[in-house]
Amino acid sequence: DLPSRNRPKWISKVVTYRIISYTRDLPRVTVDHLVAKALNMWSKEIPLSFRRVVLGIPDIVIGFARGAHGDFYPFDGPGGTLAHAYEPGPGLGGDAHFDEDERWADGRGLGINFLAVATHELGHSLGLRHSSDPDSVMYPTYGARDSENFKLSPGDIREIQELYGMEGCR
Ligand SMILES: CC(C)C[C@H](CS(C)(=N)=N)C(=O)N[C@H]1Cc2cn(c3ccccc23)CCCCCCNC1=O
Ligand SMILES: [Ca+2]
Ligand SMILES: [Zn+2]
Ligand SMILES: [Zn+2]
């Protein structure tokens with residue numbers, strides 16, 4: 001893929017995010033918690049941190065929507081595409097949209113593991129592309145994972161550090 005110097009990435013050390021809509025399938029606090037957990041999985045590996053804002057225009061807008069929802073990629077109902085996210089940049093850049101027509105779960109019950117999908121989408125929001133490694137969070141298709149020990153693969157960590165450098169190195 002492109003040398004990392006050309007790939008879009010966040011320049012600021014602190015990236016803001018705002019959750020603007022939720023799903024009926026999970027309590028709001030669960031969505032807030034799992035989004036923070038997914039963001040932290042990435043940010044703990046790189047010299048970049050995330051700050052949640054509840055007002056104003058953030059770098060990353062996160063929300064649930066069904067069908068056509070104001071961008072060029074309408075969702076497709078239950079199944080199929082589960083979510084999508086935009087690479088770093090202004091406006092839609094970095095935003096992550098989740099298909100409300102899926103049945104979202106917190107990793108215990110039946111349904112799509114929201115933590116796993118959010119980690120994949122936020123990987124895109126940080127500038128990562130797909131990986132051909134089935135163990136990678138960035139693999140193009142969803143694989144049911146138990147969220148107990150859900151974590152980034154070594155390849156995921158290598159990719160994100162190639163783009164943003166290693167945590168602890170200034
Ligand atoms: C990796 C995800 C978290 C995010 C990606 C979308 S993205 C943009 N963020 N890379 C995703 O949703 N992939 C589809 C890909 C996909 C699999 N199938 C499809 C049938 C129709 C349309 C898409 C698919 C076969 C049937 C299974 C459908 C349910 C699972 N869907 C997927 O795995
Ligand atoms: Ca769908
Ligand atoms: Zn969208
Ligand atoms: Zn993807």
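Numbering of ligands and ligand atoms starts at 1, following listing order. All values derive from a computational prediction rather than experimental measurement.
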Next item on the list: Over 60° means perpendicular and under 30° means parallel, so classify the ring planes of Tyr86 and His97, tilted if in between.
Entry: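 Plane angle over 60°, so perpendicular.
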
Note to self: Within 2.8 Å of the Zn ion (ligand 4), is there any N, O or S atom belonging to His84?
What the structure shows: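 No N, O or S atom of His84 is closer than 2.8 Å to the Zn ion (ligand 4), so no.
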
Notebook entry, point to check: Would a line drawn from the ring center of His120 to the ring center of His84 be shorter than 6.0 Å?
Noted result: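 Between His84 and His120, which both carry aromatic rings, the centre distance is not below 6.0 Å.
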
Checklist line | Phe114 ring center near Phe64 ring center (under 6.0 Å) | finding: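 Yes.
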
Charged N-O contact under 4.0 Å between [X] and [Y]:
| X | Y | answer |
| --- | --- | --- |
| Asp101 | Arg66 | yes |
| Asp32 | Arg52 | yes |
| Glu100 | Arg24 | yes |

Next item on the list: Quick one: do Ser136 and Asp156 satisfy side-chain hydrogen bond (donor to acceptor under 3.5 Å, both in side chains)? Show the steps, please.
Entry: CA-CA 6 Å; Ser136 162; Asp156 295 320; 2.6 Å; yes

Margin query: I'd like the contact residues of ligand 1, where contact means a heavy atom below 4.0 Å.
Written below: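 Within 4.0 Å of ligand 1, the protein residues are Gly80, Thr81, Leu82, Ala83, His84, Val117, His120, Glu121, His124, His130, Tyr139, Pro140, Thr141, Tyr142.
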
Item checked: Proximal heteroatom of Asp71 relative to the Zn ion (ligand 3) (N/O/S) ->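 Of the nitrogen, oxygen and sulfur atoms in Asp71, the Zn ion (ligand 3) lies nearest to OD2.
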
Next item on the list: Could you check which N/O/S atom of His97 is closest to the Zn ion (ligand 3)?
Entry: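 Minimum-distance N/O/S atom of His97 relative to the Zn ion (ligand 3) is ND1.
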
Note to self: How large, to 10°, is the angle at the Zn ion (ligand 4) when you draw lines to NE2 on His130 and to NE2 on His124?
What the structure shows: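 Angle NE2(His130)-the Zn ion (ligand 4)-NE2(His124): 100°, rounded to 10°.
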
Checklist line | Any side-chain heavy-atom pair of Tyr73 and Thr81 under 4.5 Å | finding: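 Side-chain contact under 4.5 Å: no.
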
